[in-house]
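Only one structure is covered here, and it is reproduced in the block below.
Protein chains get the first letters and strands the later ones, always in sequence-line order, with residue 1 at the start of each.
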2 protein chains.
Amino acid sequence: MENKHDQEDCSHTHLAIQDTLYVVSGKWKLVILSILVNDGAMRFGELSRKAGISPRILSKELQEMEMNKLVSRTVSNTRPITVTYGATEYADTLKEVIDAMIKWGKNHRKAIAAN
Amino acid sequence: MENKHDQEDCSHTHLAIQDTLYVVSGKWKLVILSILVNDGAMRFGELSRKAGISPRILSKELQEMEMNKLVSRTVSNTRPITVTYGATEYADTLKEVIDAMIKWGKNHRKAIAAN
DNA sequence: CAGTATCCAGCTAGATACTG
DNA sequence: CAGTATCTAGCTGGATACTG
């Protein structure tokens, strides 16, 4: 019984880590998010230029981030249409994770340098 | 001047995130670490069997983790030699990061499920 | 036993060109 | 403008066999 519980807890925990890792890993997700947070909402092309990401990759990343409610996508009825991407309020909840990563990463540099 | 400072802060921050990401990302690093933390130090073969990782990958992961001071490697002068791997005390410092990831991941499941 | 060597499949990211 | 299609290079992880 206890074993079963332990395993379940463990797999839930593992799943939670995987989920977070998925959202935060990869070459661009956090770069995109930080640009949208710091510079505010902007259009697809502008974001592409500012981040230096080719459209194919940017499109894919934004779709995933939208599914994860980290960015919002707003279409304007101009001609041709314009699309604006912005960081959501929900994206702020990631701050705790990112801050923990920043803190550990900074200390780790020192820990490794101090051979 | 302010710009320069901002950029430096930003790049340091970005670097710190990358460093942390490097240590926790990938398919096996946290799995290996949790086994060593939960079950204690053990030998290469045992770890390979317990985690279900082929020797090539396990060896590579352990080397990286040793360089990052997350695992210790101890050679015994038996014949043939035996090698024991264990989680270091320093590995405990990662707990903050991992806990933040677990917490966010668990909440995120709910947030996404509540469509 | 504790790895390393070799070979290989699949995924990630990018360049470039194209479409509504 | 906001993407999608196509093609490609390089990296990650894995199976298997081998060595000291």
Side-chain angles (χ1 to χ4, degrees), chain A residues 14 17-36 39-68 70-88, chain B residues 14 17-36 39-68 70-88:
Chain A
H14 191 236
I17 294 177
Q18 302 286 40
D19 288 350
T20 305
L21 229 30
Y22 183 78
V23 159
V24 132
S25 288
K27 194 166 176 181
W28 296 119
K29 294 212 175 67
L30 291 184
V31 172
I32 292 169
L33 201 55
S34 73
I35 291 178
L36 292 179
D39 301 356
M42 66 188 70
R43 285 159 53 189
F44 185 88
E46 191 181 357
L47 186 51
S48 176
R49 264 173 281 115
K50 201 166 280 197
I53 312 179
S54 70
R56 194 187 80 90
I57 306 298
L58 181 59
S59 172
K60 198 201 62 181
E61 300 286 320
L62 286 173
Q63 278 172 29
E64 289 172 3
M65 294 171 77
E66 195 192 355
M67 287 197 309
N68 282 310
L70 298 172
V71 303
S72 61
R73 179 178 182 274
T74 312
V75 180
S76 300
N77 283 330
T78 51
R79 208 170 300 116
I81 59 162
T82 58
V83 181
T84 303
Y85 289 92
T88 60
Chain B
H14 191 235
I17 294 177
Q18 302 286 39
D19 288 350
T20 306
L21 230 30
Y22 182 78
V23 160
V24 296
S25 286
K27 195 167 175 180
W28 295 119
K29 292 212 177 65
L30 291 184
V31 172
I32 292 169
L33 200 57
S34 73
I35 291 178
L36 292 180
D39 301 356
M42 65 187 74
R43 287 164 46 194
F44 185 88
E46 190 180 358
L47 186 52
S48 176
R49 263 173 279 117
K50 203 167 279 196
I53 312 179
S54 71
R56 194 186 80 91
I57 305 299
L58 181 58
S59 172
K60 199 201 61 183
E61 300 287 317
L62 286 173
Q63 279 173 28
E64 289 173 2
M65 294 171 77
E66 195 192 354
M67 287 196 310
N68 282 310
L70 299 173
V71 303
S72 61
R73 179 178 183 274
T74 311
V75 181
S76 300
N77 282 330
T78 51
R79 208 169 300 116
I81 58 160
T82 58
V83 181
T84 305
Y85 289 92
T88 61

Taken to the nearest whole Å, CD1/B:I53 to C1'/D:dA15 is 15 Å
On DNA chain D, more 5' by nearest nucleotide between B:P55 and B:E61 is B:E61
Hey, does the side chain of B:S25 reach the backbone of B:L21 with a donor-acceptor pair shorter than 3.5 angstrom? yes
Here the pair of heavy atoms bringing A:K29 nearest to A:Y22 is NZ-O, 3.9 Å
B:F44 atom CZ is separated from C:dC1 atom C1', nearest whole Å, by 10 Å
TODO: Check every strand shown and say whether B:E46 touches a base, only sugar-phosphate, or nothing at a heavy-atom separation below 4.0 Å.
DONE: nothing
Set out, in order, the CA-CA distance, both residues' side-chain angles and the distance that settles side chain to side chain contact (heavy atoms under 4.5 Å, CB included) for A:E64 and A:K60, then state yes or no. CA-CA 6 Å; A:E64 289 172 3; A:K60 198 201 62 181; 4.1 Å; yes
Rounded to whole Å, the OH-C1' distance (A:Y22 to C:dT12) equals 11 Å
Comparing B:R49 with B:S59, nearest DNA chain C nucleotide closer to 5' gives the residue B:R49
query = Given D:dC1, is OP1 or OP2 found less than 4.0 Å from the side-chain N or O atoms of A:Y85?
reply = no
Distance-only donor-acceptor test, A:R56 side-chain atoms vs C:dA13 base atoms, 3.5 Å
yes
To the nearest angstrom, the CZ-C1' distance between B:R43 and C:dG3 comes to 13 Å
query = Quick one: is D:dG14 close enough that its OP1 or OP2 comes under 4.0 Å of any side-chain N or O from B:S54?
reply = no
Just by distance, do the side chain of A:S48 and the backbone of A:I53 share a donor-acceptor pair under 3.5 Å?
yes
When A:T84, A:L36, A:V71, A:V83 are each screened for side chain to side chain contact (heavy atoms under 4.5 Å, CB included) with A:L47, the one that passes is A:L36
C:dC11 -> Watson-Crick or G-U wobble partner, both distances under 3.5 Å, gives D:dG10
In this structure, CD of B:E61 is separated from CZ of B:R56 (nearest 0.5 Å) by 10.0 Å
Whole-Å distance, B:R73 CZ to C:dC1 P, equals 16 Å
Would you classify B:Q63 as touching base, sugar-phosphate or nothing, given that sugar-phosphate means primed atoms plus P, OP1 and OP2, and contacts are heavy atoms under 4.0 Å? sugar-phosphate
Quick note, A:K60 side chain, CB onward, closest among C:dT16, D:dG14, C:dA13 is C:dA13
- prompt: Closer than 4.0 Å, any side-chain N/O of A:K27 to the OP1 or OP2 of C:dG14?
  reply: yes
From CE of A:M42 across to P of D:dA2 the rounded distance in Å is 12 Å
note: A:I81, atom CD1; D:dT4, atom P; distance rounded to Å ~ 11 Å
Regarding the side chain of A:T82, the nearest nucleotide among D:dC1, C:dG3, C:dG14 is D:dC1
| task | Ignoring backbone atoms, test whether A:W28 places a side-chain nitrogen or oxygen under 4.0 Å from the OP1 or OP2 oxygen of C:dT12. | result | no
A:I32 CD1 to D:dG3 P, in whole Å, measures 12 Å
D:dG20 -> Watson-Crick or G-U wobble partner, both distances under 3.5 Å, gives C:dC1
